[in-house]
Undergrad: 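Have a look at this one.
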Amino acid sequence: MSNQQILYDEKVERKSLSKLMKFFIDVKFLLKGKVLVANVLPVLTGFCLALYISNQSFQDNLWLFLLTMMGSTFVISGALMLNNWYEVDLDKKMKRTEKRPTVNGNFSLNSVLWAGIITTIIGHGLLLLVTWEAALYSFLGWFVYVILYTFWSKRKFTWNTIIGSVSGAFTPLIGWAALLPANHLIPITMFIILFIWQIPHSLAVYINRLEDYKNAGVPMFPVVRGVHESIKHNLLWVAHLIPFPFLLVGTLGWSFVIFATILGLAWVVYSVKGFKANDKQKWAKGNLRFSLVYLILLSLFMILIGV
């Protein structure tokens, strides 16, 4: 083989790898990578805690675990794709969403629509193989996010975030219901914590990207009520996270309660700093990171308890 042929083959291979990398990057933006992980993690948490409470082993439920995680990931992915498909007109006006393949044209809207529908159906089908209750919570979360939040309330009402937060709160119930009925204090408390958590998390995004939402004409809370009022509400919701871990002292122990309380109080302290911050956008970025740290550390602590 000649040197020219070798160089040509290497060039073709690099070009193919480059196209593959671009495809995966587009998929990441389409599925809102961090949002997907933040929604799948509580499913894992709920599953591990159900194992702990029922005194079952992970090995004996490996197949159930795989079905639960695959099914929930497919359903959440489907919901996110349908959100991107429907909101392409808004995304074109916002800097934070300009890299989504629905905006830059790398994926056709028709293909995204069908991908969202198909993955949703597959995900619900997999969860029906787990338990009907897990499939029910998955459907409720999908319905609230896609129909009630994306299609109905987001463009009309300032309180759309409340509806969106209900959707994400169903995720730990999916994992728990794979093994046990969710009429238990742990999944109910997790539902409440996840619901509360998502509101300051979302407010941080809205403050950080305030101009984007103004340009797109989306009536998010900071756009309608202002940044100062949003910081007040952020502090109020973060403070509401403090008492709920105490409900689980009898099941998860004082170590969890103390850990969760320290996390919550640290977030409260950071939230108070928002009132005096000169750069509100910089503070909002930090608040967004703090919200993710809170969710990840709290979930990991629960997972460690479960395993």
Side-chain angles (χ1 to χ4, degrees), residues 32-35 37-39 41-42 44-46 49 96 158-162 164-166 168-169 171-172 185-186 188-213 220-305:
K32 308 178 185 181
K34 293 178 182 178
V35 177
V37 172
N39 278 275
L41 182 59
L44 172 62
T45 305
L49 288 176
R96 67 181 287 265
T158 305
W159 41 268
N160 56 39
T161 303
I162 302 294
S165 298
V166 172
T171 51
L185 185 60
I186 291 178
I188 292 172
T189 303
M190 290 178 68
F191 179 94
I192 296 171
I193 290 174
L194 261 292
F195 167 74
I196 295 172
W197 171 86
Q198 284 175 96
I199 297 174
H201 171 80
S202 299
L203 287 173
V205 175
Y206 304 153
I207 297 171
N208 183 36
R209 297 293 186 175
L210 183 61
E211 293 305 315
D212 272 355
Y213 287 104
M220 294 308 188
F221 194 89
V223 175
V224 177
R225 300 285 297 275
V227 171
H228 183 77
E229 192 69 18
S230 300
I231 293 173
K232 285 170 58 179
H233 278 253
N234 175 85
L235 175 60
L236 179 67
W237 284 103
V238 171
H240 274 76
L241 286 170
I242 303 296
F244 286 100
F246 284 85
L247 295 175
L248 304 181
V249 66
T251 51
L252 302 186
W254 277 105
S255 59
F256 166 75
V257 173
I258 293 170
F259 183 76
T261 303
I262 291 172
L263 280 179
L265 290 174
W267 196 0
V268 166
V269 170
Y270 188 85
S271 297
V272 171
K273 292 181 179 180
F275 293 104
K276 294 185 178 181
N278 294 323
D279 189 337
K280 303 298 185 186
Q281 186 180 42
K282 183 178 179 181
W283 170 84
K285 287 181 181 178
N287 198 43
L288 179 61
R289 287 193 293 269
F290 217 117
S291 70
L292 292 172
V293 168
Y294 178 93
L295 177 66
I296 292 169
L297 291 182
L298 195 71
S299 297
L300 289 177
F301 198 96
M302 287 179 163
I303 290 169
L304 289 174
I305 292 174

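Side chains are part of it too, since the values below use all heavy atoms of this structure and drop only hydrogens, waters and symmetry mates.
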Undergrad: Listed by chain and number, what are the side chain to side chain donor-acceptor pair (under 3.5 Å) partners of Tyr213, not counting sequence neighbours?
TA: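 Checked Tyr213 against side chain to side chain donor-acceptor pair (under 3.5 Å); matches are Arg96.
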Undergrad: Any side-chain heavy atom of Phe301 within less than 4.5 Å of one from Leu298?
TA: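 A side-chain contact under 4.5 Å is absent here.
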Undergrad: Between Leu210 and Lys280, is there a side-chain heavy-atom distance shorter than 4.5 Å?
TA: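 In short, these two side chains do not touch, never coming nearer than 4.5 Å.
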Undergrad: Taking only residues two or more places apart in sequence, or in another chain, which ones meet Thr171 in a side chain to side chain donor-acceptor pair (under 3.5 Å)?
TA: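 None.
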Undergrad: Taking only residues at least two apart or on different chains, which pairs with a member in residues 192-211 satisfy salt bridge (charged side-chain N to carboxylate O under 4.0 Å, His left out)?
TA: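 Every salt bridge (charged side-chain N to carboxylate O under 4.0 Å, His left out) pair that includes a residue of residues 192-211, provided the two are not neighbours, is Glu211-Lys214.
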Undergrad: Kindly give the heavy-atom pair with the smallest separation between Ser230 and Ile207, and that separation in Å.
TA: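 Shortest heavy-atom separation between Ser230 and Ile207 comes out as CB-CD1, 3.9 Å.
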Undergrad: Got a list of side-chain donor-acceptor pairs under 3.5 Å for residues 268-278, not counting sequence neighbours?
TA:
| unit_1 | atom_1 | unit_2 | atom_2 | d |
| --- | --- | --- | --- | --- |
| Tyr270 | OH | Trp283 | O | 3.0 |
| Ser271 | OG | Asn234 | ND2 | 3.1 |
| Ser271 | OG | Trp267 | O | 2.8 |

Undergrad: Using the side-chain contact (heavy atoms from CB on, under 4.5 Å) criterion, which residues pair with Val293? Sequence neighbours excluded.
TA: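 Per chain and number, Val293 pairs via side-chain contact (heavy atoms from CB on, under 4.5 Å) with Leu297.
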Undergrad: Show me the side-chain donor-acceptor pairs of residues 250-259 shorter than 3.5 Å, one per line, residues at least two apart or across chains.
TA:
| unit_1 | atom_1 | unit_2 | atom_2 | d |
| --- | --- | --- | --- | --- |
| Thr251 | OG1 | Leu248 | O | 3.2 |

Undergrad: Measuring from Leu265:CG to Ile242:CD1, what's the distance to the nearest 0.5 Å?
TA: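 Answer for the CG-CD1 pair, Leu265 versus Ile242, is 4.0 Å.
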Undergrad: Could you check if a side-chain atom of Tyr294 sits within less than 4.5 angstrom of a side-chain atom of Val238, using non-hydrogen atoms only?
TA: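 A side-chain contact is absent here, since even the closest heavy-atom pair is not under 4.5 Å.
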Undergrad: Under the side-chain contact (heavy atoms from CB on, under 4.5 Å) rule, collect the residues that match up with Leu236, sequence neighbours excluded.
TA: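 Residues passing side-chain contact (heavy atoms from CB on, under 4.5 Å) with Leu236: His240.
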Undergrad: Using 0.5 Å steps for rounding, measure from the CG atom of Leu241 to the OG1 atom of Thr261.
TA: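 Leu241 atom CG to Thr261 atom OG1 measures 10.5 Å (nearest 0.5 Å).
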Undergrad: So do Val37 and Ile296 actually touch side chain to side chain, heavy atoms under 4.5 Å?
TA: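 Ile296 does not reach Val37 side chain to side chain.
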Undergrad: Partners of Asn208 by side-chain contact (heavy atoms from CB on, under 4.5 Å), sequence neighbours excluded?
TA: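 Asn208: side-chain contact (heavy atoms from CB on, under 4.5 Å) contacts with Gln281, Ala284, Lys285.
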Undergrad: Using residues 190-204 as the side-chain source, report each donor-acceptor pair under 3.5 Å to any protein atom, sequence neighbours left out, with the distance given to one decimal.
TA:
| unit_1 | atom_1 | unit_2 | atom_2 | d |
| --- | --- | --- | --- | --- |
| Trp197 | NE1 | Ser291 | O | 2.7 |
| Gln198 | NE2 | Ser165 | O | 2.8 |
| Gln198 | NE2 | Leu194 | O | 3.1 |
| His201 | ND1 | Ser291 | OG | 2.8 |
| Ser202 | OG | Gln198 | O | 2.7 |

Undergrad: Of all residues at least two apart in sequence or in a different chain, which pass the side chain to side chain donor-acceptor pair (under 3.5 Å) check with Lys32?
TA: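 Lys32: side chain to side chain donor-acceptor pair (under 3.5 Å) contacts with Asn83, Tyr145.
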Undergrad: Can you name the residues that form a side chain to side chain donor-acceptor pair (under 3.5 Å) with Arg289, not counting sequence neighbours?
TA: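 Per chain and number, Arg289 pairs via side chain to side chain donor-acceptor pair (under 3.5 Å) with no residue.
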Undergrad: Enter the distance from Leu44:CG to Ile303:CD1 here, rounded to the nearest 0.5 Å.
TA: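 Rounded to the nearest 0.5 Å, the CG-CD1 separation comes to 4.0 Å.
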Undergrad: Output all residues satisfying side-chain contact (heavy atoms from CB on, under 4.5 Å) with Glu229, sequence neighbours left out; order by chain, then residue number.
TA: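 Partners of Glu229 by the side-chain contact (heavy atoms from CB on, under 4.5 Å) criterion, ordered by chain and then number, come out as Phe221, Arg225, Lys232, His233.
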